[in-house]
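Reviewing the structure listed below.
Since the model is a prediction, treat every value here as computed from it, not as a measurement. Values below: every heavy atom of this structure, side chains too, minus hydrogens, waters and symmetry copies. Numbers restart at 1 for each chain; the letters A, B, ... are given by sequence-line order, proteins then strands.
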Protein chains: 2
Amino acid sequence: MKFTIKKSIFADCLANVQRAISFRTTIPILTGIKLQTNEKGLILTGSDSTLSIENLIEEKEESNHLSISEPGSVILPSRFLGDIIRKLPEDKITVTVQDNFQTIITSGESVFTLNGTSGKNYPQLPEINSAATFNLPGHLMRQAINYTIISVSSQETRPIFTGIHFELGDNQLKAISTDSHRLSQRIIPITIPESLKDKEKVELNIPGRALSELSRLVNDNENISMMVTNNQVLFKMNNTSLYSRLLEGTYPDTTRLLTKDQKTSIKVNAAELGAAVERALILSHQGKNNMVKLSMDNSGIILSGHSSEIGYVKEKINALGFEGENMSISFNPDYLREALKTFGGQDVIIRFTSPSHPFILLPSEDSDNFNMIQLITPIRTPGN
Amino acid sequence: MKFTIKKSIFADCLANVQRAISFRTTIPILTGIKLQTNEKGLILTGSDSTLSIENLIEEKEESNHLSISEPGSVILPSRFLGDIIRKLPEDKITVTVQDNFQTIITSGESVFTLNGTSGKNYPQLPEINSAATFNLPGHLMRQAINYTIISVSSQETRPIFTGIHFELGDNQLKAISTDSHRLSQRIIPITIPESLKDKEKVELNIPGRALSELSRLVNDNENISMMVTNNQVLFKMNNTSLYSRLLEGTYPDTTRLLTKDQKTSIKVNAAELGAAVERALILSHQGKNNMVKLSMDNSGIILSGHSSEIGYVKEKINALGFEGENMSISFNPDYLREALKTFGGQDVIIRFTSPSHPFILLPSEDSDNFNMIQLITPIRTPGN
């Protein structure tokens with residue numbers, strides 16, 4: 001195997017596939033990156049066996065300066081490869097794999113010889129030829145992921161909660177996540193293929209880590225084609241493919257949580273309330289409960305937080321609207337901060353039922369349906 | 001105590017004095033920042049008892065927007081104060097200290113109440129009225145520090161090596177540091193006051209941490225006045241004062257190390273050789289000795305490094321000059337990288353005596369004296 005390539009392209013693609021690699025893997029071969037030529041160009045692959053990322057560098061794309069003079073494949077140590085490539089002196093890199101898989105990388109007056117292994121030792125990625133193929137606009141998929149990823153659980157005690165639950169059908173994709181303290185839901189319109197229209201809707205649970213990486217890899221103006229099998233999903237973009245194993249189990253029904261019978265509703269700017277919460281949590285993080293309180297009545301909205309050691313804070317919130325009963329509710333400010341961030345600088349409606357019921361955040365421009373909803377469970381305090 | 005102030009000025013000055021504070025201190029009062037008014041304005045103080053930084057915010061400087069309506073002093077928790085101030089909503093901040101030292105900080109609709117303590121509880125900074133006062137141009141002092149700080153030891157086993165040794169006399173300041181594996185020396189011209197000219201030269205050992213902070217605080221175009229007592233040094237800049245305890249003990253005589261009888265001399269560009277070393281250490285860091293080798297003869301210079309697991313690297317170095325005997329020498333590449341960085345992009349002369357003797361780096365433009373010298377001890381290898 002022998003090729004020359006432009007340094008920055010090679011470095012960027014190595015960084016892409018490297019994100020799939022876990023340095024805690026128990027499978028030594030997966031600490032490497034596979035390089036393989038095919039008729040189109042050079043394919044890089046990284047994997048942690050649950051998540052795999054493949055990146056094609058096309059020979060016909062002139063800006064890649066890729067020229068393959070001898071086809072083949074090799075596995076090279078990923079941790080150092082990216083570092084070495086980035087620091088090479090010249091823009092042109094030549095990679096030559098010898099018969100024993102020792103690989104010589106030259107650039108200018110610098111010559112690295114790395115111990116490689118045969119590409120044939122690399123695990124085969126799953127073959128995915130699925131009837132269930134969906135086309136998703138990249139920017140919408142990214143929105144759905146970024147909106148719901150905040151409520152994905154990092155606790156392995158209930159594995160199903162470490163992923164985002166997707167439901168595809170009725171020309172929409174519904175994404176839901178919850179860690180049992182909060183819930184995020186985002187619905188985006190998609191076109192369901194004719195062949196799937198009469199079937200039951202497709203449901204699947206994709207690990208949060210795979211979706212974070214997908215969100216990072218996809219460009220806003222490209223389409224993603226998503227292929228689903230029993231236990232795998234494949235996201236195909238222009239030159240990048242991301243494979244992920246699916247989470248097993250049945251996702252709990254969350255619809256009963258999303259009711260519309262709240263008694264109090266306030267309208268505020270997400271960025272303004274977010275800034276006040278950011279200040280309040282400087283103190284609440286030092287308290288033993290990490291809790292702030294929101295008190296609302298006709299005269300206004302007050303956010304307060306305290307730490308018995310350091311002091312307390314009170315913030316008057318600029319309310320753009322208030323309807324319903326007076327209310328006072330306590331909650332984890334980190335949850336509210338993250339939820340508010342998903343709305344950017346938009347105005348939001350927050351609806352409360354009681355101090356002990358979950359409250360919901362909706363965009364003020366589209367608060368009648370639940371296309372975009374963040375739900376947060378309060379902290380019960382002795383007074384409530 | 002009551003004052004109003006511009007947010008960014010207050011936040012910047014808090015950040016300055018906070019650098020002196022150690023969160024591992026065993027003296028609770030020193031986790032706080034002291035705020036005190038005087039006839040000129042507001043003074044902020046932070047200290048870890050070895051190092052103290054004082055910052056004056058002048059009332060007469062209009063851009064500070066400082067207006068003191070009630071004089072006084074208070075100690076506030078430093079860890080949160082800076083964070084709170086930075087995140088306040090408006091540019092104008094009002095600070096009001098109540099009788100019980102509870103301190104109310106308001107900005108826009110945000111009101112923080114912090115538990116403060118009396119400024120009288122804060123330890124007194126040393127009174128320094130010294131006859132030994134030196135004036136140092138800020139940019140030269142910073143050069144001297146940044147050039148020598150790399151060889152300061154982080155090991156507490158020989159405390160004297162955790163500082164930089166200064167010698168003032170003969171209209172020059174000599175700064176020396178060593179961790180016993182390498183040595184840095186920088187001489188800068190200064191004006192010795194008439195009153196001190198007939199005296200013996202002043203020698204002192206200043207902790208590296210204090211000097212790092214000094215280098216960060218000083219502006220290139222300001223002068224530093226340095227006052228020395230038996231066990232303290234005070235650096236005064238425009239509005240900032242830095243106090244440091246001196247290290248006790250006698251600094252070893254290092255002059256015998258700095259000889260001129262080398263047998264081999266090469267001239268290279270510091271940045272080019274530095275880049276090659278950076279690449280080589282990707283591999284050497286994985287080897288058990290962290291060692292690279294430089295081989296020189298008339299045909300050229302080769303830098304090589306290896307890790308038995310990953311592979312090896314050879315780099316041809318673009319030599320601008322070579323004189324003397326063939327030489328091959330092995331050393332810790334981290335030392336060479338840091339030494340080369342102190343020369344920026346300059347050309348340097350490197351002089352070698354033997355594979356088992358320390359080698360020295362000098363600027364090629366001023367290689368005849370030792371105003372600027374980095375010395376590195378090689379690693380003895382079985383072959384040498």
Side-chain angles (χ1 to χ4, degrees), chain A residues 28 31-32 76-90 101-116 271-286 300-319, chain B residues 28 31-32 76-90 101-116 271-286 300-319:
Chain A
T31 60
L76 294 174
S78 101
R79 209 166 134 201
F80 311 103
L81 187 59
D83 215 8
I84 290 169
I85 298 300
R86 246 195 330 276
K87 289 183 174 164
L88 286 175
E90 308 255 310
F101 300 104
Q102 269 210 332
T103 301
I104 299 167
I105 301 173
T106 57
S107 168
E109 298 287 1
S110 175
V111 183
F112 276 84
T113 307
L114 299 185
N115 303 328
E272 260 181 52
L273 178 56
V277 173
E278 291 245 10
R279 287 188 289 271
L281 59 75
I282 300 173
L283 296 188
S284 72
H285 277 180
Q286 306 309 317
I301 306 175
I302 302 283
L303 179 77
S304 56
H306 84 286
S307 137
S308 51
E309 249 180 70
I310 302 156
Y312 53 92
V313 53
K314 270 193 198 309
E315 301 254 355
K316 220 184 263 174
I317 308 300
N318 187 18
Chain B
T31 61
L76 293 175
S78 100
R79 204 164 137 204
F80 311 103
L81 188 59
D83 216 7
I84 289 169
I85 299 300
R86 244 193 333 276
K87 289 183 175 165
L88 285 174
E90 310 252 313
F101 299 103
Q102 269 211 330
T103 301
I104 299 167
I105 302 174
T106 58
S107 168
E109 298 287 0
S110 176
V111 183
F112 276 84
T113 307
L114 299 185
N115 302 328
E272 260 181 53
L273 178 57
V277 173
E278 291 244 10
R279 287 188 289 272
L281 59 75
I282 301 174
L283 296 188
S284 72
H285 277 181
Q286 306 310 314
I301 306 173
I302 303 283
L303 179 76
S304 56
H306 84 286
S307 138
S308 51
E309 250 180 67
I310 302 156
Y312 54 91
V313 54
K314 271 196 197 311
E315 301 255 355
K316 220 183 265 172
I317 308 300
N318 186 18

What are the two closest heavy atoms between A:Ile84 and B:Leu283, and how far apart are they?
-> CD1-CD2, 4.3 Å
Pairwise distance CD1(B:Ile302) to CD(A:Glu109) - rounded to 0.5 angstrom = 8.0 Å
OG1 of A:Thr113 to NE2 of B:His306: how many Å apart, nearest 0.5 Å?
-> 12.0 Å
Among the options B:Pro77, B:Pro89, B:Gly305, pick out the one with the most heavy-atom pairs lying under 4.5 Å from chain A.
-> B:Pro89
Residue by residue, which of residues 272-281 of chain B have a heavy atom closer than 4.5 Å to a heavy atom belonging to chain A?
-> B:Glu278, B:Arg279
Side chain to side chain donor-acceptor pair (under 3.5 Å) involving A:Asn318 - partner list, sequence neighbours excluded | none
For B:Arg86, all residues meeting side chain to side chain donor-acceptor pair (under 3.5 Å), sequence neighbours excluded = B:Asp83
Show the atom names and distances, to 0.1 Å, of all donor-acceptor pairs under 3.5 Å that link a side chain in residues 101-108 of chain B to residues at least two apart or in another chain.
residue  : atom : partner  : partner atom : Å
B:Gln102 : NE2  : B:Asn115 : OD1          : 3.4
B:Thr103 : OG1  : B:Phe101 : O            : 3.1
B:Ser107 : OG   : B:Glu90  : N            : 3.0
B:Ser107 : OG   : B:Glu90  : O            : 3.3

Part of A:Leu303 lying under 4.5 Å from any heavy atom of chain B | neither
CZ of A:Phe80: more than 12 outside heavy atoms within 6.0 angstrom?
-> yes
Is the number of heavy atoms from other residues, nucleotides or ligands within 6.0 Å of NZ (A:Lys316) greater than 12?
-> no
Point-to-point distance, once rounded to the nearest 0.5 Å, from CD1 of B:Ile310 to CG of A:Leu76 | 11.5 Å
